[in-house]
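All remarks here apply to the structure that follows.
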2 protein chains.
Amino acid sequence: MPRNKESNQKVKDERKEQILSVALMLFATKGLAATRITDISAKTDISQGLIYHYFSSKEEIFVSLIRSAMNKMNEAARNLERLPIPAKEKIILAATELLKGIVKNESTSQYYFLITQAALSDAIPLEAKEIIKSQNDVKYEIITRIFQEGQKDGVVKDHDAREMTTFFFTTINGLALNKAIYGKKFKMPDKNIFLNMFLK
Amino acid sequence: MPRNKESNQKVKDERKEQILSVALMLFATKGLAATRITDISAKTDISQGLIYHYFSSKEEIFVSLIRSAMNKMNEAARNLERLPIPAKEKIILAATELLKGIVKNESTSQYYFLITQAALSDAIPLEAKEIIKSQNDVKYEIITRIFQEGQKDGVVKDHDAREMTTFFFTTINGLALNKAIYGKKFKMPDKNIFLNMFLK
DNA sequence: GTCTATATCCAGATAGAC
DNA sequence: GTCTATCTGGATATAGAC
């Protein structure tokens, strides 16, 4: 009965998705250690025991979220680099999309906090830390290259490109955390202030 | 025996300081929930039981740290505002000192993470959240006023002052977290890139 | 696949001796 | 003031019935 197998798989995937989405919210608002399996089970209406049918531990859920967060971000950065537009436009587009993502998409700022948490805290599965260590540089390098290209074009300021990249991501990260803290009360400031750091 | 009382008080204060300084380090690297009283007791060489002689709970230690972090920051902001120098100099001084603090002083970035954690996480004593809520605005308002003064002087860019303040602190916060993540490998970027957001 | 019940463990906090 | 020993609660993870 291949038919049944397929739909079973689908149900299984949906359950996993459901667990992951609730876990993301909880990990982002409470942290890994303070989130109990019972919290996840309550918010998903999936019994405690059943969660262990889909994931072998709380940590595995966390690692799975970190992995997909990093994949999404790197994917977006690679797509940006490939676009057939000038460097300046890429920078403006990146800033616009990232800020928009923070404002509109709940899960974006949640992902940022998850990664910050994972990178910072010792109380995090080693596997999560290693994923971040090995993949975090990807987007840094891409943006640095774009800045350098912009400098050749004469439209990007002549500071060290790598240092500008540090400001680029730390500021985005800071904003995402601020949005996570203040929620709807957070008012996104004008992106042109931000772009002043990089564009002539 | 007032003499004895005094020196007893001194020992008591020292013990409290010792507990607080270890707790700060642990809360910043593991988070509140994942830090166990036994961790604090091990690193201080103070027995578990004795810690409860000085603080009534793990949460109280945390709240105490948050309180002194907010006090220090607001104190610094107030001192800055009082200085008899032009707004532009105040802004440069603030940026310089804040970035220097992040690089030099271990505990500075630890405090930043503590506050971010406390503001973000639901798994934090209400009292800590309330301290932050009621005191966080102080430094925002001070810096906003300084930006406005600088705009009158014609040396600060004509963006909305409050929005610049948001960028000011979110970027500082982002850098502090980055420093906390990368430790000694973190290279502080040139502060002039940062100042480009605000100064003409 | 799904639930309920439970074993096991561990952390926070307390009690009580010195 | 300081320690060791202990109580107690609660959370992870498992077992076993349906």
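We name chains A, B, ... by the order of the sequence lines, and we start the count at 1 in each one. Since this is a predicted model, take the numbers as computed values, not measurements.
- Between E81(B) and K90(B) there is no salt bridge, since no side-chain nitrogen of the basic residue lies less than 4.0 Å from a carboxylate oxygen of the acidic one.
- For the pair E149(B) and K152(B), the salt-bridge criterion is not met [side-chain N within less than 4.0 Å of a carboxylate O].
- Comparing atom distances between the I37(B) side chain and each of dG12(C), dG1(D), dT4(D) picks out dG12(C) as nearest.
- Between dT2(D) and Y54(B), a contact under 4.0 Å exists linking OP1 or OP2 to a side-chain N or O.
- In this structure, of dT2(D), dC3(C), dA13(C), it is dA13(C) that holds the atom nearest to the side chain of Y52(B).
- Side-chain N/O atoms of K58(A) include one lying less than 4.0 angstrom from OP1 or OP2 on dT12(D).
- When heavy atoms are screened at a 4.0 angstrom cut-off, S57(A) is found touching the sugar-phosphate backbone but no base atom.
- Using a cutoff of 4.0 Å between basic side-chain nitrogens and carboxylate oxygens, E130(B) and K133(B) are not scored as salt-bridged.
- At the heavy-atom level, S41(A) lies nowhere under 4.0 Å from the strands shown.
- When each of dG1(C), dC3(C), dA13(D) is scored by its nearest atom to the side-chain atoms of S47(A), the top-ranked nucleotide is dC3(C).
- The distance between atom NE2 of H53(B) and atom C1' of dC3(D), rounded to the nearest whole Å, is 12 Å.
- Between the P atom of dA11(D) and the NZ atom of K30(A) lies a distance of 10 Å, rounded to the nearest Å.
- Remark: C1' of dG12(C) and CD of Q48(B) are 8 Å apart, rounded to the nearest angstrom.
- Using cut-offs of 30° and 60° for the angle between ring planes, the F194(B) and F168(B) rings count as tilted.
- A salt bridge does not link D13(A) to K10(A): none of the charged side-chain nitrogens sits closer than 4.0 Å to a carboxylate oxygen.
- The nearest whole Å value for the distance from the CD atom in Q18(A) to the C1' atom in dT2(C) is 14 Å.
- As rounded to whole Å, 14 Å separates atom P of dG12(C) from atom CZ of F62(B).
- In this structure, D45(A) places its CG atom 13 Å from P of dT2(C), rounding to the nearest Å.
- Regarding R36(B), its CZ atom lies at a distance of 17 Å from the C1' atom of dG9(D), rounded to whole Å.
- Rounded to an integer number of Å, the gap from I19(B) CD1 to dG1(D) P is 12 Å.
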